[in-house]
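Note: hydrogens, waters and symmetry copies are ignored here, and every other heavy atom, side chains too, is used. Keep in mind that this is a model prediction, so the values were computed, not measured. Numbering of ligands and ligand atoms starts at 1, following listing order.
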Amino acid sequence: MAFEKSRAAFARAKQVIPGGVNSPARAFGAVGGEPLFIARGEGAYLFDIDGNRYIDYIGSWGPLILGHAHPQVIARITEAARNGTSFGAPTEAETRLAELIIAAVPSVEKVRLVSSGTEATMSALRLARGFTGRDLVAKFAGNYHGHVDSLLVAAGSSAATLGAPNSPGVTPGTARDTLVLRYNDVPGLEAAFAEHGRRLAAVIVEPVVGNMGCVLPKPEFMAALRRLTAEYGALLIFDEVMTGFRVAYGGAQSLLGIRPDLTTFGKIIGGGLPVGAYGGRAEIMDHVLPAGKVFQAGTLSGNPLATAAGIATLELLRDGNPYPRLEQLGARLEEGLRGAAKAAGVPVQLARCGSMLTLFFAEGPVVDWDSAARCDTRRYARFFWEMIRRGVYLPCSQYEAMFLSAAHGDAEIEATIAAATAALANLSAE
Ligand code: KE4
């Protein structure tokens, strides 16, 4: 496989863009080597500018559950573009997309559209603080909610600690209002609420985690989270930017049977174009300006092209219901990867929720950030490149989830299993 054109493109990009990429997740920092520059996507496949074809398990980090360049999505974007790209005034498409989200997610009575998942989580936190009049928020180590200052906070050594900034530019003053807890740790949660509960405006959580790799919640953890937030008057925010319309049409909350107070969305609701959203009970959402006093605004919020892509995507998911097929393909891929690792004698853990899954190079189960951090990331990096060379594009980090799309079929899954079998055999031979 040649990567010459990508190399040249990367060298050129680095002259004008920090690190040559517009998001660090794409920089291949965790797997070494240089990022591949993509020419186009088609169904389950990516094509790089050197002409190499890959079965794609990134799906743009989640949005492309229907696969690349779905004809009906492209047609709706093209049709919208002919009428103009943005008006700075309300359009009916925004109402239509909001209605689709509300119809799919019973805990959401009103929703505000923004342009990214980060904007959604940032706005939801501000709303929670405005609604409760409290300052403190809590998040979980290993959960990522976008590059919001107050959520770019690392966990301290103990289970519950006042956060310390983990990015330059995030001030201690900002971090001081963020409590960082351990995911799936019920005693730690109860202790944190006993000490801080009356000061907590909100707890934000990935109801199924994608950002330390795929980690499933323990039922008792989610139940405790809902009970304690209600008991202490803190809002429970489900960050479903990744899981919304991914793990089920009603999101993770429909699988878990938990009704959060606020939910954030992104990725799939834009069908690959920039849309984020936050929503919840009307009594909370009506505090958002101009209905209420909590400020939030955006030039391109509810953009006509992005809402066209989002509406097309959600209607295709609602009417086509690919979820049973995605579950079947995901289960087969999980089974095949387990078998490949077993045959190669490579210790792995596999976690999956529908069409999002992670192969962890770990001896024991991954249930929180501490256990995720024990993964053999060097071995993951070697596996990544072994798979690239066999035409399979995996997430370029052990701590990201793989995504299947409705465009993946038996052929793609079997080819992936065959590639993984050879790749893992090579790893174990090292
Ligand atoms: P964006 O601002 O990237 O649209 O969304 C932030 C966000 C919020 N919440 C969750 C649960 C998320 O997964 C994300 C973004 N996910 C990462 C990948 N795990 C996006 C990739 C990137 O940053 O380039």
Side-chain angles (χ1 to χ4, degrees), residues 17-31 35-36 38 56-65 112-126 137 139-153 167 183 202-217 236-247 251-253 256 260 262-279 296 298 300-301 303 306 309-310 313 351 353 355-358 369 372 393-403:
I17 299 171
V21 292
N22 284 305
S23 185
R26 308 173 194 163
F28 278 26
V31 293
L36 305 177
I38 302 302
D56 178 25
Y57 286 100
I58 290 275
S60 177
W61 300 104
L64 297 176
I65 192 168
R112 169 61 64 86
L113 301 179
V114 293
S115 296
S116 72
T118 295
E119 260 197 285
T121 58
M122 174 178 69
S123 307
L125 282 191
R126 185 181 310 129
V137 298
K139 65 161 291 207
F140 295 90
N143 281 208
Y144 175 69
H145 306 289
H147 61 96
V148 188
D149 270 12
S150 58
L151 297 176
L152 285 179
V153 177
S167 167
Y183 198 79
V203 180
I204 187 167
V205 65
E206 287 187 60
V208 171
V209 185
N211 288 292
M212 44 181 151
C214 183
V215 171
L216 303 181
L236 176 57
I237 303 175
F238 268 16
D239 179 356
E240 296 225 39
V241 166
M242 185 183 286
T243 54
F245 300 93
R246 164 59 63 180
V247 298
Q253 57 193 271
L256 300 173
L262 290 174
T263 302
T264 54
F265 302 93
K267 296 182 191 277
I268 289 174
I269 66 165
L273 269 69
V275 182
Y278 62 105
Q296 181 264 307
L300 298 176
S301 297
N303 171 272
T313 300
C353 186
S355 60
M356 67 186 263
L357 69 157
T358 298
W369 175 244
Y393 196 112
L394 298 179
C396 47
S397 164
Q398 171 72 94
Y399 302 124
E400 297 285 0
M402 291 168 68
F403 297 103

With heavy-atom distances below 4.0 Å as the criterion, list the atoms of ligand 1 near Ser23. 22 (C), 23 (O), 24 (O)
Where do Ala306 and Pro274 come nearest, in terms of heavy atoms and distance? CB-O, 3.6 Å
Quick one: closest heavy-atom pair of Val21 and Pro35, and the distance? CG1-CG, 4.4 Å
Atom 18 (C) of ligand 1 sits nearest the protein heavy atom Glu400 OE1, 3.4 Å
For the residue pair Tyr183 and Phe140, does the interplanar ring angle fall in the parallel (under 30°), tilted (30 to 60°) or perpendicular (over 60°) class? perpendicular
Closest approach of Met356 to Met242 (non-hydrogen atoms, all atoms of both residues): CE-SD, 3.7 Å
Close approach, Glu240 and ligand 1, non-hydrogen under 4.0 angstrom: no
Which residue and atom name correspond to the protein heavy atom nearest atom 10 (C) of ligand 1, and how close is it? Tyr144 O, 3.3 Å
On a heavy-atom basis, which atom in Thr243 and which in Asp239 lie closest, and how many Å separate them? OG1-O, 4.2 Å
Identify which of Asn211, Ile58, Val209, Asn22 has a heavy atom lying nearest to atom 13 (O) of ligand 1. Asn211
Using protein heavy atoms only, decide if any is under 4.0 Å from atom 3 (O) of ligand 1. no
Atom 20 (C) of ligand 1 sits nearest the protein heavy atom Lys267 NZ, 3.5 Å
Nearest protein heavy-atom contact for atom 1 (P) of ligand 1: which residue, which atom, what distance? Gly117 N, 3.6 Å
Measure the distance from atom 9 (N) of ligand 1 to every protein heavy atom, then report the residue, atom name and distance (to 0.1 Å) of the closest one. Asp239 OD2, 2.7 Å
Under 4.0 Å, heavy-atom basis, I'd like to know which part of Thr118 is in contact with ligand 1: side chain, backbone, both or neither. both
Ignoring hydrogens and angles, state whether a donor on the side chain of Gln296 or Arg112 is under 3.5 Å from an acceptor on the partner side chain. yes
Nearest-contact summary for atom 8 (C) of ligand 1 - protein heavy atom, Å: His145 C, 3.4 Å
I'd like to know if the side chain of Ser167 and the backbone of Leu152 have a donor-acceptor N/O pair within less than 3.5 Å. no
Taking only heavy atoms of Trp61 into account, list the atoms of ligand 1 that are under 4.0 Å away from them. 21 (C)
Element-labelled atoms of ligand 1 that are located less than 4.0 Å from some non-hydrogen atom of Gly146: 6 (C), 7 (C), 8 (C)
Could you tell me whether a side-chain N or O of Ser23 sits under 3.5 Å from a main-chain N or O of Arg26, the two making a donor and an acceptor? no
At under 4.0 Å between heavy atoms, what of His147 touches ligand 1? The answer is neither
Taking both backbone and side-chain atoms of Arg26, is any N or O found less than 3.5 Å from an N or O belonging to ligand 1? no
Side chain to side chain contact (heavy atoms under 4.5 Å, CB included) between Glu400 and Asn211, intermediate numbers included: CA-CA 5 Å; Glu400 297 285 0; Asn211 288 292; 3.8 Å; yes
Worked verdict on Phe238 versus Val205 for side chain to side chain contact (heavy atoms under 4.5 Å, CB included): CA-CA 5 Å; Phe238 268 16; Val205 65; 3.7 Å; yes
Ligand 1 atoms nearer than 4.0 angstrom to some heavy atom of Met242 are 13 (O), 19 (N)
